[in-house]
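Data first, discussion second: the structure below is written as structure tokens.
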Amino acid sequence: MDWILLLEWVIKGFALVMILLTGFAYLTLFERRILAFMQVRIGPNRAGPQGILQPIADAVKLIFKEELTPAKSEKFLFLLAPIVTVVPAVVIAAVIPWGTQFEAFGRTITLYVADINIGVLYITAIASIAVYGIVLAGWSSNNKYAMMGGLRSSAQMISYELPLGLSFVLVTLMAGSMRPVDIVEAQRGWWFGLMQPVGALLFLISILAEVNRAPFDMPEAEQELTAGYHAEYSGMKFALFFMAEYIKMIAVSAIMVMLFLGGYRELPGLQNTWFSVDQTWWLGPIYMFLKVLAMLFVMVWIRATLPRIRYDRLMSFGWKVMLPLSLALIVITALGLVLQPMWALAPYILTPVLSLAAFGLTVLLLQNSLARRQHA
Amino acid sequence: MLLEYAAIATMIFVTALVAVIAIVLGVLFGPKRPTDKKSMPYESGMNPIGPGTRRVPVRFYLIAVLFILFDIEVVFFVPWALVFKQFVSQSQGFFVFAEMTTFIVILLVGYIYAWKKGALEWE
């Protein structure tokens with residue numbers, strides 16, 4: 001019995017890695033087509049109908065490229081860095097629940113890979129490991145651009161990890177648990193993103209910084225740093241960095257969906273109908289897929305819309321705006337929960353209103369300080 | 001409980017394997033014609049000046065230290081957040097809320113000090 005269980009875990013882990021790798025391949029195509037659409041171009045549409053074979057063509061091209069290792073680089077670390085970057089990107093997705101459970105082969109099969117009760121801490125821990133790969137890549141390349149890119153990237157990632165961690169605290173506070181399945185089930189009927197809209201926004205900004213996406217793609221700012229920490233990488237080693245970035249995009253989108261957008265659960269108000277995952281289990285993965293797709297679209301959209309922000313602004317935004325605001329949100333959320341025994345709707349009405357007020361105040365203060373700087 | 005980490009171990013193993021296979025494929029099929037010019041560190045086409053790894057601005061170190069400080073504070077929040085609802089249901093919510101508010105105020109004093117000292121400036 002134990003062996004069958006072990007086999008089940010192993011198969012699920014393997015399947016998730018394969019799904020993420022395929023997802024990565026098609027996410028690159030998705031992004032290029034969407035960007036092209038937004039810039040009134042056509043985008044890659046030659047390889048296969050609508051360009052669906054483009055990822056394969058890219059992979060083949062990268063395999064046949066020459067791999068360069070710069071002179072005087074740390075050869076072993078240079079080789080290790082892409083692997084250290086890609087492994088946490090994939091492994092972080094292990095705790096995300098993709099659905100409830102179903103019966104097959106006479107046993108109950110759950111649609112999540114690892115149901116660990118410290119899920120949220122696990123995500124924070126693995127996300128921190130990803131910094132090592134980038135620092136190693138920047139440092140081992142023996143290249144000034146790569147080193148600056150690696151340093152900037154790591155400083156940015158650790159700075160935005162604080163609001164990220166505080167958003168996790170917010171969700172833990174509202175769910176009373178760190179187990180991913182409990183967090184999703186706690187959003188039955190009303191999503192955390194609706195209870196704490198500003199928290200969801202802060203989380204979105206933090207994950208954009210965490211995966212080095214536009215407008216926070218400073219480490220890869222072409223005008224200043226050519227390609228940042230992977231300036232010296234070519235061929236398949238470069239492909240691994242690319243893969244890590246896109247798989248991390250999928251993973252953080254799924255985490256955002258899990259924490260704030262109801263995970264695999266249906267839209268609020270549909271709990272007792274056929275559309276609920278309680279009654280139709282196979283809708284769970286479909287809801288999850290659609291929500292993750294919507295999040296990925298938003299990330300590409302942001303990239304197409306916003307210009308890159310200056311590095312000093314980025315750092316001071318993280319430390320002077322995001323951090324105090326997320327601390328305030330924790331107090332506001334806790335206040336809503338404390339008042340719940342007296343006023344049952346406090347977390348649903350008081351918390352969003354107060355957090356939106358805090359957000360408005362922040363925007364006002366920001367505008368003031370920016371206006372003052374322009375006068376000076 | 002421990003069995004569930006088997007899935008995570010599988011994922012680490014499979015991913016590392018995929019990464020190694022990708023690198024090996026590149027080494028097997030890619031051409032290898034290194035020249036001195038090619039293996040020079042890239043510096044926008046100029047000959048590189050000085051060593052590639054050089055002294056790091058102290059700002060980054062400062063940010064790292066601040067990060068460790070505040071990250072530990074975040075870690076202190078987590079157990080509190082986990083049991084908060086249980087305390088509320090035992091109608092001890094206000095006590096626990098006040099405790100945490102005190103903690104946040106102490107945290108803010110340190111934060112304001114760091115701000116006034118200019119540790120958060122990036123000029």
Side-chain angles (χ1 to χ4, degrees), chain A residues 5-6 9-10 12-14 16-17 21 63-72 82-83 86-87 90-91 94 113-116 121 139 142-144 147 151 155 158-159 162 165-166 169 172-173 176 178 226 231-232 235-237 239-240 312 315-316 319-320 327 330-331 334 337-338 340-341, chain B residues 1 3-8 10-12 14-16 18-20 22-23 25-27 29-34 38-44 51-54 56 60 63-64 66-67 70-71 74 77-78 81-82 84-86 88 91 93-94 97 100-101 104 107-108 111 115 120-123:
Chain A
L5 201 61
L6 186 65
W9 293 118
V10 170
K12 280 198 288 193
F14 188 76
L16 182 59
V17 175
L21 290 181
I63 287 175
F64 287 99
K65 279 276 178 185
E66 178 171 4
E67 302 228 350
L68 296 171
T69 312
K72 290 194 208 144
I83 302 175
V86 83
V87 168
V90 173
V91 173
V113 172
D115 177 27
I116 52 178
L121 272 188
W139 188 75
N142 188 34
N143 179 318
K144 284 167 213 152
M147 183 163 171
L151 275 176
I158 60 176
S159 299
L162 296 174
L166 290 171
V169 171
T172 313
L173 198 59
M178 287 200 285
T226 61
E232 288 291 351
M236 283 314 268
K237 291 200 206 102
L240 287 179
D312 60 330
M315 294 301 279
S316 56
W319 283 94
K320 293 182 181 171
L327 280 174
I330 285 185
V331 177
L337 289 174
V338 160
Q340 197 172 17
Chain B
M1 196 62 218
L3 259 182
E4 311 195 328
Y5 290 93
I8 294 173
T10 313
M11 287 182 70
I12 294 176
V14 172
T15 318
V18 167
V20 169
I23 289 178
L25 274 181
V27 170
F29 291 103
K32 263 190 287 296
R33 287 183 284 275
K38 264 193 212 168
S39 62
M40 236 180 227
Y42 176 75
E43 218 166 289
S44 308
T53 45
R54 46 179 58 204
V56 174
F60 290 106
I63 288 291
L66 279 178
F67 164 71
F70 282 98
D71 208 35
V74 172
F77 278 119
V78 171
L82 208 51
F84 187 72
K85 270 194 162 178
Q86 293 168 24
V88 171
S91 63
F94 280 106
F97 179 67
M100 205 28 143
T101 319
I104 288 179
L107 182 63
L108 277 181
Y111 174 75
W115 188 327
L120 307 180
E121 304 297 329
W122 196 283
E123 301 289 320

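Heavy atoms only: backbone and side chains are in, while hydrogens, waters and symmetry mates are out. Residue numbers start from 1 in every chain, and the chains themselves are labelled A, B, ... in the order their sequence lines are given, proteins ahead of strands.
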>> Do B:Val78 and A:Met178 make a side-chain contact, defined as non-hydrogen atoms from C-beta onward lying under 4.5 Å apart?
In response: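 When only atoms from C-beta onward are counted, A:Met178 and B:Val78 do touch, with a gap below 4.5 Å.
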>> Quick check for you: among A:Leu166, A:Val338, A:Val91, which has the greatest number of heavy-atom pairs under 4.5 Å with chain B?
In response: A:Val338
>> If you count heavy-atom pairs within less than 4.5 Å of chain B, which of A:Leu151, A:Ile330, A:Leu240 leads?
In response: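 Among A:Leu151, A:Ile330, A:Leu240, the one with the most close pairs to chain B is A:Leu151.
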Is [X] close to chain A through its backbone or its side chain, or both, or neither, when contacts mean heavy atoms under 4.5 Å?
X	result
B:Tyr111	side chain
B:Leu82	both
B:Leu108	side chain
B:Phe84	side chain

> If you round to the nearest 0.5 Å, how far is CZ of B:Phe67 from CH2 of A:Trp319?
Replying inline: 8.0 Å
>> For the CD1 atom of A:Ile63 and the CG atom of B:Leu25, what is their distance to the nearest 0.5 Å?
In response: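 The CD1 atom of A:Ile63 sits 5.0 Å away from the CG atom of B:Leu25.
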Shortest non-hydrogen contact from [X] to [Y]?
X	Y	result
B:Met11	A:Ala94	SD-CB, 3.7 Å
A:Val17	A:Val90	CG2-CG1, 4.0 Å
A:Ile83	B:Ala19	CG1-CB, 4.0 Å

> Who are the side chain to side chain donor-acceptor pair (under 3.5 Å) partners of A:Trp139, not counting sequence neighbours?
Replying inline: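 Testing A:Trp139 for side chain to side chain donor-acceptor pair (under 3.5 Å), a comparison that skips the adjacent residues, returns none.
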> By side chain to side chain donor-acceptor pair (under 3.5 Å), which residues pair with B:Thr10, not counting sequence neighbours?
Replying inline: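 Scan of B:Thr10 (side chain to side chain donor-acceptor pair (under 3.5 Å), adjacent residues dropped) gives none.
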In terms of heavy-atom proximity below 4.5 Å to chain B, should [X] be classed as side chain, backbone, both, or neither?
X	result
A:Met315	side chain
A:Lys320	both
A:Ile158	both

>> Between B:Phe70, B:Phe77, B:Trp115, who has the most heavy-atom pairs with chain A when the cutoff is under 4.5 Å?
In response: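 Top count of heavy-atom pairs under 4.5 Å with chain A: B:Trp115.
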> When only pairs under 4.5 Å are counted, which of B:Thr101, B:Leu107, B:Val27, B:Leu66 shares the most heavy-atom pairs with chain A?
Replying inline: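 Among B:Thr101, B:Leu107, B:Val27, B:Leu66, the one with the most close pairs to chain A is B:Leu66.
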